[in-house]
Protein chains: 2
Amino acid sequence: MVDQALPKQAANISDNAADDEPRCFVAKLFGKRARNREVQEERILTAAMNCFIRSGFRGASMNEICSEAGMSPGALYRYFPSKEAIIEKIAATHRQQSAEILARMSQSNNIVDAITNVGLDHVRKMSMNDEGPGPRDSSARLFVEVRAESMRNESVAAICELHEGLMREELLAAFSAAKERGEIDPVTDLDLTVAAVAAMGEGIIMRNFPAQGVPLEALEPVFRALAVGLLRPTTPLANK
Amino acid sequence: MVDQALPKQAANISDNAADDEPRCFVAKLFGKRARNREVQEERILTAAMNCFIRSGFRGASMNEICSEAGMSPGALYRYFPSKEAIIEKIAATHRQQSAEILARMSQSNNIVDAITNVGLDHVRKMSMNDEGPGPRDSSARLFVEVRAESMRNESVAAICELHEGLMREELLAAFSAAKERGEIDPVTDLDLTVAAVAAMGEGIIMRNFPAQGVPLEALEPVFRALAVGLLRPTTPLANK
DNA sequence: TAAATGAGAGAGAACGTTCTCTCTCATTTG
DNA sequence: CAAATGAGAGAGAACGTTCTCTCTCATTTA
């Protein structure tokens, strides 16, 4: 069989500069014998995510994950030292995706539009990983699973706090800027408002409205009303 | 790990056997015997709840629950046929408590006050079971645990849907009445608003603000602003 | 005494993890 | 060039533990 795979360690150890030949480094991306470590890790994480969505962090067994990934336990444990490590990695990835969406808060010059758009973006993103097989609200399930685990698992709690702290900072910065622009009632407690918006957003994400037949367009006025209500903008309909 | 010096068997019932009670079959079913059974079931449920809060539904073992309850497995399995049955019972009890609070929605004649008060009641109740030992946000933990389980466990999902359906009905009835009173913009989509309020409420409950040092009084304007924003009352400050 | 109750051992399955062995293949050696 | 080498990758049995649940038998209760 002429299956040329990427020699990972050869590139690291030997320093032969005559490596201009474009080798077939895409070793059958998710195929039986993929050689690349990152590809294998990705394969495991994808499988584990499916299992965790189906059975929960504690409910899913390593054998279940191995079957889903098409690997043996021996192979899997070459890439992750423990089930706990897989859980932590998946929790981090999931929360990081949320934080990245929130990072776009400061792009808008209008706080009501900013909240509305970022909220919709978040809901859209969280309801999107539902193309392939499996339950329609996989992201919502994972979200709740991570939240539950974070309430009793020290390291998962730390991972969540890291990303959620970033999200709160982003919100606070946007709110502060809006306050200086005069868009927010000066007496508003911004810290509390940030916490409330974050909490309510979590509730919305958790329920996964798009998966229940509520279109994003229907959600738009809800987010807008929430923003108007909580932030009491002094010029509520200026940009609308 | 509190090994409470609880008398083994005889202490749970008062010893006034001198009464000339009818010792018929029915009396046995509904008399002292039945009451003792309820006491034992309650003991198991309380212990199980503590364990589930500490370790999660799947993470807590039956041995852990037995130790917490000060019972042997043989005794425990006399009262509950399976771990699943305990989980279902606890999920039902927890969700029912929420539904009972929501049932007071119709008592208020002002929709903004109604939402504010019921929201505060709910948060207060959910943060109150924190007198004894254990984590401060036991109700929030249980809430998330039940939600997570409901997303992959058919019977727990049915239990949740039962009580949450009641809650949505209650909200919808209050909103409809308010709409007829002219308190809500006629174009508002009440079904969507009910769903949104419920989802955001879940988010607030989940974060358990009182346990994080946010007093209920601080939360009051947040609920009020949320209600005003989402329901757009035509006479927003009438009763304030 | 008969029925109810409970303690505790432990059965049998499933768990997370480790171990051993085989296979593949780039590189080294002859 | 062909054989030898050795390290990475993986399969799958097996390990010790822990799981849920049952069974036996002693004690309590009516």
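As the structure is a prediction and not an experimental result, all values here were calculated from the model. Quick note on labels: first sequence line is chain A, next is B, and so on, each numbered from 1. Values reported hereafter were calculated over all heavy atoms of this structure, with side chains retained and with hydrogens, waters and symmetry mates removed.
- Looking at heavy-atom distances under 4.0 Å, A:P73 makes contact with a base.
- With a cut-off of 3.5 Å on both Watson-Crick or G-U wobble distances, the partner of D:dC23 is given as C:dG8.
- Using modelled atom types, one finds no donor on one side chain facing an acceptor on the other under 3.5 Å when comparing B:D191 with B:T193.
- A straight line from CZ of A:R78 to P of D:dA7 spans 13 Å, rounded to a whole angstrom.
- For DNA chain C, no neighbouring residue in residues 149-158 of chain A is found when judged by any heavy atom under 4.0 Å.
- Remark: B:R43 is not positioned above the aromatic ring of B:Y79, lacking an NZ or CZ atom under 6.0 angstrom from the ring centre and at most 45 degrees off the axis.
- The side-chain tip of A:R152 does not point at the ring of B:F52 from less than 6.0 angstrom away and within 45° of straight on.
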Before you tell me yes or no, could you show the steps for B:N153 and B:E84 under side chain to side chain donor-acceptor pair (under 3.5 Å), namely the whole-Å CA-CA distance, both residues' side-chain angles and the distance that decides it to 0.1 Å? CA-CA 10 Å; B:N153 182 324; B:E84 179 76 13; 2.8 Å; yes

For nucleotides 14-16 of chain C, list the nitrogen or oxygen atoms of the protein found under 3.5 Å from its nitrogen or oxygen atoms, one pair per line.
residue : atom : partner : partner atom : Å
C:dG16  : OP1  : A:A60   : O            : 3.3
C:dG16  : OP1  : A:K83   : NZ           : 2.7
C:dG16  : OP2  : A:M62   : N            : 2.6

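- Remark: B:Q40 is not in phosphate contact with C:dT5, judged by side-chain N or O atoms under 4.0 Å from OP1 or OP2.
- When both pairing distances are held under 3.5 Å, C:dT18 makes a Watson-Crick or G-U pair with D:dA13.
- A side-chain donor-acceptor contact under 3.5 Å links B:R147 and B:S150.
- Whole-Å rounding puts the B:L76 CG to C:dG6 P distance at 11 Å.
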